[in-house]
Structure formats: C-alpha cells, structure tokens
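Residue numbering restarts at 1 for every chain, and letters A, B, ... go by the order of the sequence lines.
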Number of protein chains: 2
Amino acid sequence: MFAALGDETRLRLVGRLSTEGPLSIARLSEDAPVTRQAITKHLEALEGAGLVRGTKHGRERIWDLEPRRLMAARHALEQISHQWDAAIGRLRAFVETE
Amino acid sequence: MFAALGDETRLRLVGRLSTEGPLSIARLSEDAPVTRQAITKHLEALEGAGLVRGTKHGRERIWDLEPRRLMAARHALEQISHQWDAAIGRLRAFVETE
DNA sequence: GAGATATGCAACTTTTTGGTTGCGTGTTTG
DNA sequence: CAAACACGCAACCAAAAAGTTGCATATCTC
C-alpha cells in the first residue's frame, strides 16, 4: 500500500478521487503532466493494491476508491501510529536523560 | 514518506528501530537478506525522508527514528484517514441508493 | 451512418531503484 | 602494534518502473 501511494502521480489520483468522487480516465488525465496511458497504468497499479476500482460505464471507465480496502488501510495506519507512539515515548525519555 | 516506506526492506528497518531501539548498521544487516551496503543505502533513503537519523558513535554508526518527523508523519496519516472517511461515507451512501 | 470520444493493447524507450563488488579508512582490542 | 571490526566511497549491473507512441476497438452523438 505504501508503495502504491509512494508515487506522486498516484497519490494525487487518490486525492482527487477522494474529494471529487468517481471520475473517468479522460477526466483524470486532463490536467495531468503525463499521458492518458500513464494515468491508466497508475490506476491499474492502485487497483492492484486494492485501493481503487474501475467499472465500465458505457464507453468510459469510471474509477473510484475502494471503501473496504480503504478501511483496512486506515486501520493499518493506526496500528503503525501506535507502534510509533511507543517509540516516540522512548525517544523522548532518552532525550530527557541526556 | 510513502515512497520511503514503500520498500519492504525499509519498512522492516523502521519496524525494527521502533521496537528494538537504536541499532548499528552491522546489527541491522545481520539477519537481512541483502548486503550491508544495501542496508546503508536504505537507511540513507529513510534519512532523506526524515524518518530516521544516524549518528556516529566510535567506529559505528547508530541509527534511530526521528521523533519530530515521525510525529508529523503520524499527523499526515491522520489527515489522510479523515479525508478517506469522508469518501467512504460518500461511497456508502452511493451503495445504499442503488 | 460518419465523425468524434473514450478507451484498450502492445511494443518500445528511458529512468530509477535495489543490489553487488572491491577497496580504502578510521577504531577497537588482544 | 597487528589483527579484527565497522564502516564509507565509487563504480558497476540488472531489473523494475514510469512513460511514450501507434494503432485498434467500442460507444456516443449529430
């Protein structure tokens, strides 16, 4: 999942989908600095990570976020946050003893 | 940051540092499937993302998590979670109307 | 039905990335 | 002091990733 979101183009795509809702490839490609094909590939990468889903609708393919996986991802992020909290606590204690 | 954590080796490194505390390159390389040099590169990549910091201590270089950035990262993750929450709400509503 | 749209498929090029190897240097330690 | 240890630097390699181009196909729309 981190790898999927690690590319700036892909992160932007997820961002747009989360704020603007379902969008077609053409729409998502419009103001992108890369080709439509590149966008398609990125969307498929995101789909591979389960973060996004595309459904054919007439002649266009509409992409949207995948709620289930997104929830799971959220959960994972929270877990990591907790793990980090512990580490941050340790670091703070360490700094104070210096 | 996502890119930094997007590599499995790097994610493992962060995981070890968060649970085992400060470690030298040699330690971190011991049970890794790759060379010490590869580990060094990954640590420097993580350092570039600000997630980790290495300080020389005698003949060895000890690496540890960077609390400030880690907090910032936590914050960013929470922001994204919130953004996703809104999207998930929208998606749920959409499903219900079908 | 013809032209415009929206997309898919496939081959190919170019960067980037992850990884290695060889060697040199500063520190410990016996 | 000599050997062992921990590491840095630099060149190099291979595979994966990002991106493009050209063309084909399915759908709309007038």
**Asked** Between the axis at one end of the helix from C:dG1-D:dC30 to C:dG30-D:dC1 and the axis at the other (five pairs apiece), what's the angle to 10 degrees?
**Response**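 End axes: 30° apart.
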Can you name the nearest heavy-atom pair linking [X] to [Y], along with the distance?
| X | Y | value |
| --- | --- | --- |
| B:Ser24 | B:Glu60 | CB-OE1, 3.7 Å |
| A:Ala4 | A:Leu46 | O-CD2, 4.0 Å |
| B:Asp64 | B:Gly21 | OD1-C, 4.3 Å |
| A:Gly54 | A:Glu47 | N-OE2, 3.9 Å |

**Prompt:** From the list C:dG8, C:dT5, D:dA4, which nucleotide is the closest neighbour of the side chain of B:Arg59?
**Reply:**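 The answer is D:dA4, which lies nearest to the side chain.
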**Message:** Among C:dG8, C:dG19, D:dC7, which nucleotide has an atom closest to any side-chain atom of B:Glu60?
**Reply:**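 When the side chain of B:Glu60 is considered, D:dC7 is the closest of C:dG8, C:dG19, D:dC7.
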Would you mind reporting whether [Y] and [X] have side-chain heavy atoms less than 4.5 Å apart?
| X | Y | answer |
| --- | --- | --- |
| B:Gln83 | A:Thr19 | yes |
| B:Thr35 | B:Thr40 | no |
| A:Met71 | A:His75 | no |

How long is the line joining [atom1] of [X] and [atom2] of [N], in whole Å?
| X | N | atom1 | atom2 | value |
| --- | --- | --- | --- | --- |
| B:His42 | C:dT16 | NE2 | P | 18 Å |
| A:Arg27 | C:dT7 | CZ | C1' | 16 Å |
| A:Leu23 | C:dA6 | CG | P | 13 Å |
| A:Arg61 | C:dT5 | CZ | C1' | 17 Å |
| B:Leu28 | D:dG8 | CG | P | 12 Å |
| B:Leu43 | C:dG18 | CG | C1' | 14 Å |
| A:Leu46 | D:dA18 | CG | C1' | 14 Å |
| B:Ile39 | D:dC7 | CD1 | C1' | 14 Å |

**Item:** Electrostatic pair B:Arg16-B:Asp31, nearest N-O below 4.0 angstrom
**Value:** yes
**Request:** Look up atom CZ in A:Arg53 and atom CD1 in A:Ile62, then write down how far apart they are to the nearest 0.5 Å.
**Result:** 12.5 Å
**Message:** Using a 4.0 Å cut-off on heavy atoms, which residues in residues 6-21 of chain B reach DNA chain D? List them by number, or say none.
**Reply:**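 Heavy-atom contacts with DNA chain D come from no residue of residues 6-21 of chain B; none.
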**side-chain contact (heavy atoms from CB on, under 4.5 Å), paired with B:Trp63, selected from B:Val52, B:Leu23, B:Thr55** = B:Val52
**Asked** DNA chain D: B:Lys56 or A:Ala45, which has the more 5' nearest nucleotide?
**Response** B:Lys56
Detail all sub-3.5 Å separations between protein N/O atoms and N/O atoms belonging to nucleotides 20-25 of chain D.
from, atom 1, to, atom 2, distance (Å)
D:dT20, OP1, A:Thr35, OG1, 3.4
D:dT20, OP2, A:Thr35, N, 2.7
D:dT20, OP2, A:Thr35, OG1, 2.2
D:dT20, O5', A:Thr35, OG1, 3.0

**Neighbour count above 12 (heavy atom, 6.0 Å) for B:Arg61 CZ** = yes
